[in-house]
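One structure below.
Throughout, protein chains are lettered first and strands after them, A, B, ... in sequence-line order, and every chain is numbered starting at 1. The shown structure was predicted, so the numbers you read here are calculated from the model rather than taken from an experiment. Side chains included, hydrogens not; waters and symmetry mates left out as well; all remaining heavy atoms used.
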Protein chains: 2
Amino acid sequence: MNFQQLRIIRETVRRNFNLTEVANTLYTAQSGVSKHIKDLEDELGVALFVRKGKRLLGLTEPGKELLPVVERILLDTQNIKRLADQFAKRDEGHLALATTHTQACYALPPVVSRFKQTFPRVHLELHQCGPKEIVALLRAGQVDIGIATEAVGVEEDLVSFPYYQWQHAVIVPEGHPLTQVVPLTLEAIAEFPLITYHEGYTGRARIDAAFAEQGLVTDIVMSALDADVIKSYVELGLGVGIIAAMAYHPKRDAGLVVLESKGLFELNTTWIALRRGHYLRDYALRFIEYCSPNLTEERIRDSVFPKSHGV
Amino acid sequence: MNFQQLRIIRETVRRNFNLTEVANTLYTAQSGVSKHIKDLEDELGVALFVRKGKRLLGLTEPGKELLPVVERILLDTQNIKRLADQFAKRDEGHLALATTHTQACYALPPVVSRFKQTFPRVHLELHQCGPKEIVALLRAGQVDIGIATEAVGVEEDLVSFPYYQWQHAVIVPEGHPLTQVVPLTLEAIAEFPLITYHEGYTGRARIDAAFAEQGLVTDIVMSALDADVIKSYVELGLGVGIIAAMAYHPKRDAGLVVLESKGLFELNTTWIALRRGHYLRDYALRFIEYCSPNLTEERIRDSVFPKSHGV
DNA sequence: GATGCTTACGATACCCGTAAAGATA
DNA sequence: TATCTTTACGGGTATCGTAAGCATC
């Protein structure tokens, strides 16, 4: 048994049992991939893959049970390397984040700039993507930290921590009839065509829920991934915008007004998600601490590396 | 990085940084051991060992942090093998127990015989040793299950479950003056020379505690590792014996009488100890279940493989 | 001087890649 | 037929063991 064999096992599952692809992603030849699988199966004395003729179709029972152990081993080899780098070059390295547009634009900038000042030699890699991709990137070990408002933390192999809470805000062009409605109600808003986020993004579910709860039917004429797009179309008069409150800048968004909307929508929580067992460099923990001071190194480490198992 | 390097790192620590010994226990040459360590340190970019000239003295800081990860990886490689064997030969294999004389003689025989009937092809290996060795054997992964009355479960990397409870009994030769004392008291017992277990064995601590609590000074003229030895000397009239109640057989121990001693000594609990993260074959879990029916497979697995970490 | 670590060197075994052949859709 | 897997074979590399050279105690 060697590491290459384990990498091949893992990659074979990831690549849907296409050994040619496996070979390509691991930068090696198919022949070797085949042989490694065969060798390992011989050594263990059980077939790990279900075959139909020469094609691999899936995992056998033993294969299914072995896979998580294989993944843990490979995760640990990465951990060893990260740990070593930690000492070799203390404040030098790489930090990969996956986050949505909203967080990248409005919540993270101050954190990132503070981080960059303290750790100028750490290369920051910012993956901007949707919540599902964030989970996938964390799982694959391609990013160290995920930040999103939805769809994290439900999974067994991820942990998440509350980062901050925020509310949605209603924006309209100057002089819009809604500016006269005080106090503002959902009922009044629902009279107008709406522009807001795509489903599954930036608390959209909370918006829908708020209207649904009062039995209001909304006319969402447009949806977008980010507030900037929404603002543009609100400015053109296509409808009333509902965006994350922190996405509105009085100065930059001069043609728009934000309406008092306290209590209309439920609070949203943005989460910091991590992969269990994924070793984090000191500066990664500092980054998290910059996000929210009560997310201490100790608290994070305890959750990412659950007690016991020394495994 | 390869497995041999990791094995060498682990073994170097275990063998107190004597590379010659490491080479011997791993059945390889010192030269290779040296080179492997050097190669790994080069690859990781940090020194793992503190050196004085050519001698290795201990682990560096990074070495200390890496060691648990290395051990987890090696543990997982064993787990892979055990898992595979599980499927390759379902009811065939190996089960190693470490237990004290008392348990081996008096508690386990019915369990073992039932186990052997159900799993005739499993080779049972019974290590008889003291509590400390049991812990060491579990830690080293040399046994799957440890059974003892003391000194288990205090350690982070082991888990233990209550197996059964029992009491000490007082035995004397026929016609001994103590047979007249009803009810029996510790005070009366302390008048006579005593023969019982060595310190650290079979609940000896509880015996001492019982006398000490009443301010009684005892004259322990002999101590032994097992009840058979104690019984022999009690029979010779050297003193009053205090042994585990289950070690007395009315038929086999014809020349001895057991005295009613309810309430004199505190109850003892015998524990089943396991190593966290050490994969257990199905039949090992069955063995534990035979010991105590409420120790179900599910309960054991949950404790040995703590939640989360997929890992 | 005994023990222990490192380096050098030759033999072996392992791993990889090319290429050809066979299987599958 | 095109794609994919296996097997065979040659070249390169890494690992291992022997042996010699040094450091440490």
Side-chain angles (χ1 to χ4, degrees), chain A residues 1-60 62-63 67 70 73-74 77 80-81 84, chain B residues 1-60 62-63 66-67 70 73-74 77 80-81:
Chain A
M1 174 156 55
N2 59 44
F3 286 116
Q4 180 71 340
Q5 289 168 344
L6 301 186
R7 273 191 293 270
I8 286 173
I9 297 300
R10 177 178 66 177
E11 210 57 36
T12 302
V13 178
R14 288 195 181 165
R15 301 284 150 200
N16 257 297
F17 311 98
N18 181 327
L19 299 191
T20 309
E21 273 188 49
V22 172
N24 291 336
T25 49
L26 294 181
Y27 304 105
T28 184
Q30 299 102 312
S31 67
V33 171
S34 274
K35 190 157 189 331
H36 267 311
I37 291 177
K38 197 175 177 329
D39 287 350
L40 185 59
E41 287 185 326
D42 285 350
E43 181 182 340
L44 297 178
V46 285
L48 300 179
F49 295 100
V50 176
R51 292 168 168 80
K52 184 180 179 184
K54 288 191 170 184
R55 302 283 167 107
L56 304 197
L57 295 178
L59 286 168
T60 60
L67 186 63
V70 169
I73 291 178
L74 294 172
T77 64
I80 283 186
K81 281 171 194 154
Chain B
M1 174 156 54
N2 60 44
F3 286 116
Q4 181 70 342
Q5 290 169 344
L6 301 185
R7 272 191 293 271
I8 286 172
I9 297 300
R10 176 177 67 176
E11 210 58 34
T12 301
V13 178
R14 288 194 181 165
R15 302 283 152 201
N16 255 296
F17 311 99
N18 181 327
L19 299 191
T20 310
E21 273 187 49
V22 171
N24 291 335
T25 50
L26 294 180
Y27 303 105
T28 184
Q30 299 102 313
S31 67
V33 171
S34 274
K35 189 156 188 334
H36 268 311
I37 291 177
K38 198 175 177 331
D39 288 349
L40 184 60
E41 288 184 327
D42 285 349
E43 182 181 341
L44 296 178
V46 285
L48 301 178
F49 295 100
V50 176
R51 292 170 168 80
K52 184 180 178 184
K54 288 192 171 183
R55 303 281 167 107
L56 305 196
L57 295 179
L59 286 167
T60 59
L66 282 178
L67 186 63
V70 169
I73 291 178
L74 293 173
T77 63
I80 283 187
K81 282 170 193 155

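Judged by distance alone, the side chain of B:Ser34 and the main-chain N or O of B:Ser31 form no donor-acceptor pair under 3.5 Å. Using modelled atom types, no side-chain atom of B:Glu21 and backbone atom of B:Asn16 make a donor-acceptor pair closer than 3.5 Å. The backbone N or O of A:Lys38 sits nowhere less than 3.5 Å from a side-chain atom of A:Glu41 that would complete a donor-acceptor pair.
Nucleotide D:dT24 holds its P atom 12 Å from the CG atom of B:Leu56, rounded to whole Å. B:Gln4 has its CD atom 17 Å from the P atom of C:dA13, to the nearest Å. Between the CZ atom of A:Arg15 and the P atom of D:dC4 there is a distance of 14 Å, given to the nearest Å. Regarding B:Asn2, its CG atom lies at a distance of 14 Å from the P atom of C:dC14, rounded to whole Å.
Test B:Val22, B:Leu26, B:Asn24, B:Thr20 against B:Val33 for side-chain contact (heavy atoms from CB on, under 4.5 Å) and you get one pass: B:Val22. Of the residues B:Leu44, B:Thr60, B:Leu59, B:Ile9, the one that meets the side-chain contact (heavy atoms from CB on, under 4.5 Å) test with B:Leu66 is B:Leu44.
Residue contacts shown for A:Phe49 are absent, as no nucleic acid heavy atom lies under 4.0 Å away.
Taking the screw axis at each terminus of the helix from C:dG1-D:dC25 to C:dA25-D:dT1 from five consecutive base pairs, the angle between the two is 40° to within rounding of 10 degrees.
Taking a 4.0 Å limit (strictly below) on heavy-atom distances, residues 19-43 of chain B reaches DNA chain C at B:Leu19, B:Thr20, B:Ser31, B:Ser34, B:Lys38.
Contact annotation: A:Asn18 side-chain N/O to D:dT3 OP1/OP2 distance is not under 4.0 Å.
Remark: A:Glu11 does not engage A:Arg7 in a salt bridge, criterion side-chain N to carboxylate O under 4.0 Å.
In plain terms, the two heavy atoms of A:Ala29 and A:Ala23 that are nearest each other are C-CB, 3.7 Å. Of all the heavy atoms in A:Pro62 and A:Ala47, the pair that sits closest is CG-O, 3.7 Å.
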Please enumerate all protein N or O atoms sitting under 3.5 Å from an N or O of nucleotides 22-25 of chain C, with distances to 0.1 Å.
unit_1 : atom_1 : unit_2  : atom_2 : d
C:dT24 : O2     : A:Arg55 : NH2    : 3.1

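Contact of the B:Ile37 side chain with the B:Leu56 side chain is registered, since non-hydrogen atoms from C-beta on lie closer than 4.5 Å. Residues B:Gln4 and B:Thr28 meet the side-chain proximity criterion, which asks for heavy atoms closer than 4.5 Å.
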Item to check | Intermediate values then yes/no, side chain to side chain contact (heavy atoms under 4.5 Å, CB included), B:Leu6 and A:Phe3 | outcome: CA-CA 12 Å; B:Leu6 301 185; A:Phe3 286 116; 3.8 Å; yes
